[in-house]
Amino acid sequence: MAEKFDNLEEHLEKFIENIRQLGIIVSDFQPSSQTGLNQKLNFMITGLQDIEKCRQQLHDINVPLEVFEYIDQGRNPQLYTKECLERALAKNEQVKGKIDTLTKFKSLLISELGKVFPEEMGKYKAIHGDDPPS
Amino acid sequence: MTEIFSSLYGQPDPQGPGGASAMGFGPGKPQVPQNLGSMSFPHQMVSVDEGAQLRKPAAMNEPFYLLRVLPMENELTGHTNLITHYNLEHAYNKFCGKKVKEKLSNFLPELPGMIDSPGIQDNSSLHSLIEKPPVCNNSFSPLTGAMLTGFRLHTGPLPEQYRLMHIQPPKKKNKHKHKHHRPQDPLPPETPSDSDHKKKKKKKDDDPDRKKKKKDKKKKKNRHSPDPPGMTGSQPSSSSLR
């Protein structure tokens, strides 16, 4: 899977370098540069063809739209990954806290109900099985 | 405790603890269908359609009436550390353990041009590309000779308004220098002549080797040409702040 990314990355780097050189030629154009300019223009088209071929290998890759917002703001897209992981961990901890609290509440409720309604709780435990207080 | 239920719902029950049988507690039979019509439960949520479904579990789980089947336990819950479960510890340490730089140019250092500026400014945002995709043909065909005649350019440099395209932002060089701004550092006893100079000298170079060299220079100069007191002829006064 990394190979197809490397392939695309290589083509993109060549394409960008070609465009950069094209910009240098155009910035101070000389008559002798015309053939080089024409060559660079055709390289640009072949570069686009190569990138188009890479597209077929990557049709199953999905990119979240939020990453594009980071890129459009000029921010590092790795910050999106970082914030996703931090949010996931925070939510995980929050849910774990809820589970732990409710488990404690359940065991406390069962014990208190067992004191007040011993017979009924005995029947309840017979139906549901003896749930160990977690 | 069960007497409270009977007093709350106003049902005079001959059996003392049986007053709670309407709620499913107590030794009596659960009088589910009849009690629903006779009693007024302000918080009764069971509709007529659901009552048939509930009767089945009530009959199975005597003497409880509203006892439902517990949901299936899911092995993967929020109780487990999902980052460890999905083997994302390395990714977490990589992104959250170290400081991730803010700018896009730190992620793509070899990309030319001003990429840290927002894409809206120069109409190069990815969002606009998604909203309004460019209309193009399916294939890329190379330019013919006739098409290339349209790319014959005039000689000479570009106008100034178009020159900024290939300019890259200046790369900041991190100079790791020890900046100890102490207003009055006590001078070492090796240079007694400097003790006469009471001016504050803030030097840019704090390397110990350079300090030693400067001290040696001071010694040499003091030997050859002794300076009068109050003059700073030996060293240039570097009062420039950093």
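Chain identifiers are assigned alphabetically (A, B, ...) following the order of the sequence lines, protein sequences preceding nucleic acid strands; residue numbering begins at 1 within each chain.
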Quick check on [X] against chain B: is it the side chain, the backbone, both or neither that has a heavy atom closer than 4.5 Å?
| X | result |
| --- | --- |
| Leu37(A) | side chain |
| Asn92(A) | both |
| Glu52(A) | side chain |
| Glu93(A) | neither |
| Leu65(A) | side chain |
| Ile99(A) | side chain |
| Gln34(A) | side chain |

Nearest 0.5 Å, please: how far is [atom2] in [Y] from [atom1] in [X]?
| X | Y | atom1 | atom2 | value |
| --- | --- | --- | --- | --- |
| Thr77(B) | Lys98(A) | OG1 | NZ | 13.5 Å |
| Phe95(B) | Glu86(A) | CZ | CD | 11.5 Å |
| Ser117(B) | Gln73(A) | OG | CD | 12.5 Å |

Taking the side chain as every heavy atom from C-beta outward, state whether Pro77(A) and Leu104(B) have any pair of such atoms under 4.5 Å apart.
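Of all side-chain heavy-atom pairs linking Leu104(B) with Pro77(A), at least one is under 4.5 Å.
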Among [options], which residue has the highest count of heavy-atom pairs closer than 4.5 Å to chain A?
| options | result |
| --- | --- |
| Leu153(B), Thr80(B), Asn106(B), Leu82(B) | Leu153(B) |
| Pro159(B), Gly156(B), Ser125(B) | Gly156(B) |
| His79(B), His127(B), Arg152(B) | His79(B) |

Grab the two heavy atoms, one from [X] and one from [Y], that are nearest each other, plus how far apart they are.
| X | Y | answer |
| --- | --- | --- |
| Leu85(A) | Cys96(B) | CB-SG, 4.1 Å |
| Ser141(B) | Ile45(A) | O-CG2, 3.7 Å |
| Gly78(B) | Val95(A) | CA-CG1, 3.7 Å |

Heavy-atom cut-off 4.5 Å, strictly under: side chain, backbone, both or neither for Leu129(B) against chain A?
neither
